[in-house]
K.L.:
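Below you'll find the structure I mean.
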Amino acid sequence: MDPVRNPYAPGAGQRPPELAGRDREIGQFEVVLERVARGRPERSMVLTGLRGVGKTVLLNTFRSMALQRLWGTGKIEGRPDQSIRRPVAGALHMAVRELAPRHRAPDRVEYFLGVLKAFAEMQDVPAADVSALCAACHELSQTGGPLIVVGAGLPHLPSVLSASKSYSERLFRYARIDRLDREAADLALLAPAQREGVTFTADALDALYAAADGYPYFVQAYGKVTWDVAAASPVTARDVGVAAPEAEGELAVGFFGSRYERATPAERDYMRAMAATGDDPVPTSVVADELGRKPASLSPARDALIKKGLIYSSERGLIAFTVPHFGKFLRSQPA
């Protein structure tokens, strides 16, 4: 089929041609915007989930929704080695610039009474800044200020916020973003294809769901390669079988490999030991047993991997990969 007409878009933070399976979160945010606009008390939102599930896509969608309602918006990305003071100032400046032309009292625009600040990968914000952010949100919620913070981060972000301020669980509405169910995954493939006059057989959809496991990034990656190898519509399971090795090769380089290369040899050993136990969260003591080491001696490697965003602590004593199917990737690599 014509590769120029290929509708699929596997890219970091890139909106897919069909944003399937996120109606609940979009509906929640519509309510938040409307309530704040009417002066009603409402919590800010925090999106959590593994990499590749579409958190950044949702952040950008929320920002577009706010812009359509004439909010001022700004966006920053948290970095562990950088204070958010300067980025926040820049984001607020952008929001004010958006509001200024239509403000009924331009001389008072410095108050910018409608500002949305969206934070990407929020767990990387330094602890002191997280505490200050929570305190500011708390103050704003008490005064009824028309401001919303929409944060996004890995699954352990709620615990990061809770460690900063004990009342953080009351400040934010948490939304866990996960893989797509079968219906939504099929829709993500079928809707854009049908707009191009192409469809899939039932067996092809079965094979694509088995390969992508419902993760939005993988759905796009497998869909794109399958389209390119298919000779004609309808796309068949045989097309998926031909495409799968190529799609997996691309993921191995661009999605998994680029992250693996960031790790030191000692950190790679730690991750391989994690992968050897399976794909579920694993106790740190089990990783130590796998390597024949004492847990305390492995703390530097574990902490470095957490800082690099390759693993996270799902709960005390347990660790897991931040990237879905990363364990499977590691088990396929030569030692």
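Owing to the predicted nature of the structure, the values given are computational and were not obtained by experimental measurement.
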K.L.:
Quick check: F255 with H325 (ring centres under 6.0 Å apart)?
P.N.:
no

K.L.:
Would you say CZ of R43 has more than 12 non-hydrogen atoms from neighbouring residues, nucleotides or ligands within 6.0 angstrom?
P.N.:
yes

K.L.:
Determine whether V287 and T277 make a side-chain contact, defined as any pair of heavy atoms from C-beta on separated by less than 4.5 Å.
P.N.:
no

K.L.:
Where the side chain of T322 meets the backbone of G309, is there a donor-acceptor pair that is under 3.5 Å apart?
P.N.:
yes

K.L.:
Is E267 salt-bridged to R262, going by a charged N under 4.0 Å from an acidic O?
P.N.:
no

K.L.:
Flag yes if more than 12 heavy atoms outside R176 fall under 6.0 Å of its CZ atom; otherwise flag no.
P.N.:
yes

K.L.:
Drop me the distance from L251's CG to E246's CD, to the nearest 0.5 angstrom.
P.N.:
11.0 Å

K.L.:
Just to verify, what does F321 make a ring-ring contact (aromatic ring centres under 6.0 Å, His included) with, not counting sequence neighbours?
P.N.:
F326

K.L.:
Would V323 and L310 count as a side-chain contact (heavy atoms from CB on, under 4.5 Å) if you check the C-alpha gap in whole Å, the side-chain angles of each, and the deciding distance to 0.1 Å?
P.N.:
CA-CA 7 Å; V323 178; L310 294 172; 5.6 Å; no

K.L.:
Verify side-chain contact (heavy atoms from CB on, under 4.5 Å) between Y8 and V225, making sure each step is shown before the conclusion.
P.N.:
CA-CA 9 Å; Y8 303 108; V225 178; over 6 Å; no

K.L.:
Any side-chain to backbone donor/acceptor pair from K328 onto A275? Under 3.5 Å, distance only.
P.N.:
no

K.L.:
Report the C-alpha separation of D239 and F200 in whole Å, then their side-chain angles, then the decisive distance to 0.1 Å, and conclude whether the side-chain contact (heavy atoms from CB on, under 4.5 Å) test is met.
P.N.:
CA-CA 10 Å; D239 296 326; F200 292 74; over 6 Å; no

K.L.:
Provide the closest heavy-atom pair for G52 versus P216 in the form atom of the first, atom of the second, distance.
P.N.:
O-CD, 3.6 Å

K.L.:
D203: what forms a side chain to side chain donor-acceptor pair (under 3.5 Å) with it, not counting sequence neighbours?
P.N.:
none

K.L.:
Which distance, rounded to the nearest 0.5 Å, do you find between the CG of N60 and the NZ of K55?
P.N.:
12.5 Å

K.L.:
Considering all heavy atoms of both residues, which atom of P155 and which atom of G49 are nearest to each other, and what is their separation?
P.N.:
CD-O, 3.4 Å

K.L.:
Hydrophobic cluster membership, with links at side-chain heavy-atom distances under 4.5 Å among I/L/V/M/F/W/Y: are V150 and L154 in one?
P.N.:
no

K.L.:
Do the side chains of K307 and D303 get close enough for a salt bridge, i.e. N-O under 4.0 angstrom?
P.N.:
no

K.L.:
Apply the test side-chain contact (heavy atoms from CB on, under 4.5 Å) to residues Y174 and L161: give CA-CA distance (whole Å), side-chain angles for both, the deciding distance (0.1 Å), then the verdict.
P.N.:
CA-CA 11 Å; Y174 292 102; L161 294 172; 3.5 Å; yes

K.L.:
Report, as yes or no, whether the 6.0 Å neighbourhood of atom NZ on K308 holds more than 12 heavy atoms from other residues, nucleotides or ligands.
P.N.:
yes

K.L.:
Assess whether a salt bridge exists between E261 and R268, defined as any Lys/Arg side-chain N lying under 4.0 Å from an Asp/Glu carboxylate O.
P.N.:
yes

